[in-house]
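The structure appears below as C-alpha cells.
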Amino acid sequence: MTIDLRSDTVTQPTAQMRESMLAAPLGDDVFGDDPTVNALQEKIAALLGFEAALFVPTGTQSNFCAILSHCQRGDEYIVGQMAHAYRWEGGGAAVFGSVQPQPLNHQPDGTLLLADIEAAIKPDDAHFARTRMLALENTWGGVVLPFDYVEQATQLAKAKGLTRHLDGARLFNAAVAQATANGTNPFHEARRIAQCFDSVSVCFSKGLGAPVGSALCGSRDFIARAHRIRKMAGGGMRQAGVLAAAALYALEHNVARLADDHTLAKRLADGLADIDGLQVEAPQTNIVFVDLAGPAKARSAELIPYLKSRGVLATGLYRLRFVTHLDVDAAGIDQAVQAIQDFFKR
Ligand SMILES: *Cc1c(COP(=O)(O)O)cnc(C)c1O
C-alpha cells in the first residue's frame with residue numbers, strides 16, 4: 001500500500017462526503033442561486049465572525065482576490081519571505097494586479113519581527129509604493145504563530161493604517177493545536193485568531209479533506225470587491241454546490257479530528273529522532289520537516305526515490321517534508337519510519 005505523505009491535499013473524499021455531494025441542492029452560483037454555496041458561505045463567515053464569505057476554487061485564488069481587494073495598482077503588501085501568498089503563487093498579485101510584495105525574513109517561530117514590519121512601511125513619498133496591507137500565514141509550514149504575536153502584529157498594522165489578511169489555509173490546524181494547549185474548543189480558537197484580521201482565507205482541500213475549495217471571509221463591502229475579482233480571475237463557477245457540499249461536510253466532521261493528524265506527525269518525528277544524520281523538527285501540527293546533516297546529506301537525492309520504491313511518498317524542495325492527513329494511519333507512519341531507518345542502514 002502507498003503511504004502518501006507529500007501533502008494533506010492528496011486525500012480522497014470519503015463515501016459519506018460523496019453522499020453529501022450527491023444530495024446537495026444546486027443552482028447557478030453566478031446568479032447567486034446555489035443554496036449549498038450560500039449555506040457554506042454563511043456558515044464559514046459566521047464561524048469565523050465575519051459578515052460575508054466567498055467560495056473560491058483554490059487557496060491561491062482566495063489570496064489573490066484578497067490582495068487585489070485590499071490593494072490598488074502601485075500598492076504593496078508586507079508578507080513573509082517563505083509565505084505562500086508571496087513565494088508559491090507564481091507572482092500572481094504582481095503579474096495580474098500590479099501589486100508589489102515586500103517580503104520579510106521569518107524568525108524560526110514563523111513570525112515576522114514587529115520591528116521589521118514597522119521598518120518596511122514606506123513613508124508617503126512619490127519614490128515608494130504605498131504600503132497597504134500585512135499578510136500573515138497561520139499555520140506557517142505547520143508552525144502555529146503564537147497568539148500573542150498575532151494580536152501584536154495585527155494591532156501594529158492597524159495602528160499604521162494597514163489592512164490585515166490571514167492566509168489561513170491551515171487555520172483549523174492552528175486552532176486545533178491551540179485548543180489542545182488551552183483546553184478550549186477549536187472553533188472558538190479559529191474565531192479568536194480570525195478576528196485579529198480584516199480578511200481570512202481558509203482551505204477545505206487540505207487537512208479538512210474536501211476535494212476542492214477555499215473560502216475568503218471579510219466585511220460585506222470587501223467580499224463584494226472580491227466577488228468582482230473572482231469573476232475576472234475566471235472563478236465564477238456554476239453548480240458549485242456539488243463542491244461546497246464537500247466543504248460543508250468537512251467543516252461539520254473533519255475539524256476536531258485534525259488532532260489525530262497532529263498525533264501521527266509526532267509519531268513520525270519520534271520514530272525518526274534516533275537516526276544518525278537526521279535533524280527532525282518537532283512538529284506542532286501535521287507537517288514534519290527533516291534536514292539531512294553530515295554524511296547523510298550527500299545521500300539526500302537518493303532518499304526520495306528509495307522511499308518511493310518502498311511505497312512511501314514525500315517531497316523535498318527546500319527540506320524533506322512529510323505531511324499527515326485523513327488517509328494515513330499509525331500503520332502507515334510505522335511503514336514510513338521503517339523505510340527511512342532501512343535507508344540509513346544500507
Ligand atoms: C495550499 C496553500 C495555499 C493555496 O491553496 P491552493 O488551493 O493549492 O491554491 C495557500 N496558502 C497556504 C499556506 C497553503 O498551504
Side-chain angles (χ1 to χ4, degrees), residues 4-11 13 40 44 48 53-68 70 77 79-93 95-97 101 103-104 106 110-112 133-145 150 164-177 190 193-194 197 199-217 226 229-230 233-235 237 240 243-244 246-247 250 258 261-262 265 283-289 315 317-319 321-326:
D4 195 342
L5 300 172
R6 290 173 301 167
S7 177
D8 48 9
T9 56
V10 300
T11 54
L40 173 66
I44 188 70
L48 299 183
L54 187 67
F55 185 54
V56 286
T58 64
T60 299
Q61 190 173 103
S62 193
N63 284 331
F64 177 74
C65 289
I67 296 167
L68 267 65
H70 284 303
Y77 63 109
V79 62
Q81 186 70 250
M82 293 297 274
H84 203 286
Y86 164 58
R87 183 166 294 247
W88 307 87
E89 295 181 359
V95 172
F96 299 118
L104 298 180
H106 297 268
T111 61
L112 312 176
M133 184 184 111
L134 171 69
L136 296 181
E137 182 175 316
N138 197 13
T139 62
W140 172 75
V143 171
V144 183
L145 297 186
V150 171
R164 300 145 312 164
H165 173 65
L166 176 66
D167 179 355
R170 296 189 180 86
L171 170 63
F172 286 107
N173 291 90
V176 164
I193 298 168
F197 295 87
S199 60
V200 173
S201 171
V202 286
C203 287
F204 304 112
S205 56
K206 302 267 164 95
L208 295 183
V212 172
S214 291
L216 179 62
C217 304
I229 308 284
R230 186 188 71 175
M237 299 183 289
L243 302 174
L258 290 170
D261 299 345
H262 301 178
Q284 296 182 17
T285 57
N286 69 329
I287 304 180
V288 182
F289 282 106
T315 62
L317 191 51
Y318 289 99
R319 317 164 71 186
R321 188 182 90 149
F322 303 92
V323 188
T324 57
H325 52 74
L326 262 165

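This chain uses plain numbering: 1 for the first residue, then up along the sequence. Remember, it's 1-based here, ligands and their atoms both numbered in the order they're listed.
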For R164, the side chain to side chain donor-acceptor pair (under 3.5 Å) test, sequence neighbours excluded, returns D198
Can you tell if the side chain of [X] reaches within under 4.5 Å of the side chain of [Y], non-hydrogen atoms only?
| X | Y | answer |
| --- | --- | --- |
| S62 | R230 | no |
| F55 | M237 | yes |
| I193 | V200 | no |

Pick one: which of N173, T285, N286, T324 meets side-chain hydrogen bond (donor to acceptor under 3.5 Å, both in side chains) with H262?
N173
Minimum-distance pair of heavy atoms, taken over all atoms of S214 and G59:
OG-N, 3.1 Å
Residue contacts for ligand 1, heavy atom to ligand atom, distance under 4.0 Å:
T58, G59, T60, N63, H84, E89, E137, D167, A169, R170, C203, K206
